[in-house]
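Please read all numbers here as calculations on a predicted model, not as lab measurements.
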Amino acid sequence: NGADEMKYEQVGRDIVAMSIEFVSRIHNFDAICCVASCDLIIAGCYLAACRLDIPALVVTGGSMQAGNYCGKTVVEADLDAARFSGASEAELFEMEESVCPSFGACPSMGTANTMQMLGEVLNLVMPGTSTIPASDNARLRAARTAGKYMVQLARSGKTPKDLITKDVLENAIMFDMAVAGSTNAVLHILAYAYELGIKLTLADFEKYAKEIYCINAVIPSGPYTVVDFHYAGGVKQVMKQLAGKIHTDAPTIYGDTTWGELLDSVKSAPNKVIHSLEDPVAKEPGLKIMRGNISPAGAIVRPTAVYEEVKYIKGAAKVYECDQDAYRAIMAGEIVAGDILVIRYEGCKGAPGMKELMLSIDALIGLGLDKKVGLITDARFSGFNYGAIVGHVSPEAAVGGPIALVEEGDIIKINIPEMTLNVDVSDEEMAARRAKWQPREPKVTTGYLKRYSALVTSGNRGAVLEVPEEK
């Protein structure tokens, strides 16, 4: 994790979508059924479905079981952090053998499980099936049921443009707030709206962040796994708890059935994993949009994965131009309590590819600094990550966003309760710095990443690809 090849992960969403588009158009498919589970693969399948606009269904692979190491429940992210905790090679090897005990997506609220769940809300995955554990035979039965329904869907002619309306996208936003899904889901929901020709912006996320609290106690917002989530009622139980908020007249995957009608058959049963809105896991949403003079176009944080002691943090900027430089500084002991790391030129165009900052954040967690420092970046995070980490800062550094103007020692204020992100520098000084700023030489000058950098938009627009004439 954290290797430079991570630049290709977000890029992979669009490569997957284009590959499916290519094969589907060449062979004149009447409909498509994709099988996918993890991160940008499943996100790319959904993107292709929106773009092709032929009847489409996705069968998810489900979640893996949690591991058990020394009597403690462990997931893959625990191993990432343990690398920096002083554990011996033998201990790390034993833990490595424990954290992924079955096939399936890692059982926390990472991007994989977030996107699997959202598939149900987006009417691309059969209701009640997205989180069936990969090792449960119900997964095979659900796949057979999906195959049969795929034939009906193809005959009906109903396509994603019929089934994914603005109301459905807003339901997806509300669901993501309620489950504290991966921050990467924001990129993908915005991209689906773009493909469908539906106007959706970060302002829609801001609106529902003020209304929907987190009701999902799955890691990192609580102690439970996605396997626990499934047996606690899964996506349909969350939607039942949101019934007073969501658009219940929005269509379901069945086309002639609304979400309100679907939920009529679901018994409301709040429990230790899935709470009610009246008794949330946290009295704040699963995601917040942060704005200020560093992020005038927005930035994203998952407040339920931030410790109370750093939900407001003010400190001196330590500025790095890439994940690796920040990682080396952390390991050299150059980061101390109260610092705020600024990692830039790792955004959509700058990386290019909007890299996940696995190296730096895993090191902060492993060294116990996640409760003592802040971090802001124009890059992304893994859905496993936690701490006072604010990502997707827009505009990004590579296009001259204000994050490019921050200097070593500037005082930065991260105020998660107030949803603000500011640097304590006057407008006049920022203007003077802007006058001196020059674009950096691209980090990659060949291959697909070069082409991606030329076409990709900013994170606040979903990192969609546009030809210059469209901009």
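With respect to the salt-bridge test (charged N to carboxylate O, under 4.0 angstrom), the residues Arg380 and Glu9 qualify. Residues Glu308 and Lys371 are not paired through a salt bridge, judged by the lack of any N-O separation under 4.0 Å between the basic side chain and the carboxylate. Taking a cutoff of 4.0 Å between a charged side-chain nitrogen and a carboxylate oxygen, Arg291 and Glu206 qualify as a salt bridge.
Within the model, atoms CG of Asn123 and OH of Tyr46 stand 11.0 Å from one another, a figure rounded to the nearest 0.5 Å. Here OG of Ser63 is found 10.5 Å from CZ of Phe229. Values are rounded to the nearest 0.5 Å. In this structure, CD1 on Ile361 lies 8.5 Å from OG on Ser382, to the nearest 0.5 angstrom. Separation of atoms OH (Tyr448) and CG (Asp14) is listed at 5.5 Å; rounding is to 0.5 Å. Annotation: the span from Leu153 atom CG to Leu163 atom CG amounts to 6.5 Å, rounded to 0.5 Å. Atom CG of Leu263 is separated from atom NZ of Lys236 by 8.5 Å, given to the nearest 0.5 angstrom.
A donor-acceptor pair is defined here as one N or O able to donate and one able to accept, closer than 3.5 Å; no such pair exists between the side chain of Thr183 and the backbone of Val301. Checked by atom type and distance alone, the side chain of Arg13 never pairs as donor or acceptor with a backbone atom of Ala43 at under 3.5 Å. Judged by distance alone, with hydrogens and angles left aside, the side-chain atoms of Thr377 form no donor-acceptor pair with the main-chain N or O of Arg344 at under 3.5 Å. No donor-acceptor pair under 3.5 Å is formed between the side chain of Thr248 and the backbone N or O of Gly260. Checking side-chain atoms of Ser453 against main-chain N and O of Leu449 turns up no donor-acceptor pair under 3.5 Å. Under the 3.5 Å distance criterion, the side-chain polar atoms of Asn184 are matched with a main-chain donor or acceptor of Phe381. With hydrogens and angles disregarded, a donor-acceptor distance shorter than 3.5 Å links the side chain of Ser102 to the backbone of Gln65. Between the Glu466 side chain and the Val456 main chain, no donor and acceptor come within less than 3.5 Å of each other. Checked by atom type and distance alone, the side chain of Lys288 pairs as donor or acceptor with a backbone atom of Ile416 at under 3.5 Å. Checking side-chain atoms of Glu396 against main-chain N and O of Gly401 turns up no donor-acceptor pair under 3.5 Å.
Residues Ala112 and Cys38 come closest through the heavy atom pair CB-CA, 3.7 Å. Minimum heavy-atom separation, Ala180 to Met109: O-CB, 4.0 Å. The shortest heavy-atom contact between Asp378 and Met354 is O-CE, 3.8 Å. For the pair Ile343 and Ser360, the tightest heavy-atom approach, listed with the atom from each and the gap, is CD1-OG, 3.7 Å. In plain terms, the two heavy atoms of Ala56 and Pro160 that are nearest each other are CB-CG, 4.2 Å. The minimum heavy-atom distance linking Lys7 with Val444 is given by the pair NZ-CG2, 4.2 Å.
For Phe22, there are no ring-ring contact (aromatic ring centres under 6.0 Å, His included) partners two or more places apart in sequence or in a different chain.
Side-chain contact annotation: Asp370 with Tyr386, donor-acceptor N/O pair under 3.5 Å absent. No hydrogens or angles considered: a donor-acceptor pair under 3.5 Å links the side chains of Glu120 and Ser130. For the residue pair Thr165/Asp167, the side-chain donor-acceptor check at 3.5 Å is not satisfied. If you check the side chains of Asp279 and Ser276, you find no donor sitting under 3.5 Å from an acceptor. One side chain, Thr304 or Ser221, offers a donor N or O that lies under 3.5 Å from an acceptor on the other. In this model, a donor atom of one side chain and an acceptor atom of the other lie less than 3.5 Å apart for Glu170 and His247.
Residue-environment remark: CG (Asp30) stays at or below the threshold of 12 foreign heavy atoms within 6.0 Å. Open room surrounds CD on Glu418; 12 or fewer heavy atoms of other groups in view lie less than 6.0 Å from it.
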**Check against side-chain contact (heavy atoms from CB on, under 4.5 Å), Gln241 and Ser268** = CA-CA 7 Å; Gln241 299 309 316; Ser268 177; 3.1 Å; yes
**Prompt:** Can you check side-chain contact (heavy atoms from CB on, under 4.5 Å) on His188 and Leu47, steps first, answer last?
**Reply:** CA-CA 8 Å; His188 305 320; Leu47 188 63; over 6 Å; no
**Evaluation steps, side-chain contact (heavy atoms from CB on, under 4.5 Å), between Cys106 and Val75** = CA-CA 7 Å; Cys106 299; Val75 295; 5.8 Å; no
**Request:** Decide yes or no on side-chain contact (heavy atoms from CB on, under 4.5 Å) for Glu195 and Asp53, but give the supporting numbers first.
**Result:** CA-CA 10 Å; Glu195 289 292 342; Asp53 198 37; over 6 Å; no
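For the side chain to side chain contact (heavy atoms under 4.5 Å, CB included) test with Met290, the passing option among Asn415, Ile300, Ile376, Ile414 is Ile414; the others fail. Under the side chain to side chain donor-acceptor pair (under 3.5 Å) test applied with His230, the options Asp136, Asn113, Thr131, Thr129 reduce to a single match, Thr131. Evaluated for a side chain to side chain contact (heavy atoms under 4.5 Å, CB included) with Pro251, the options Val168, Thr257, Thr258 yield exactly one hit, Val168.
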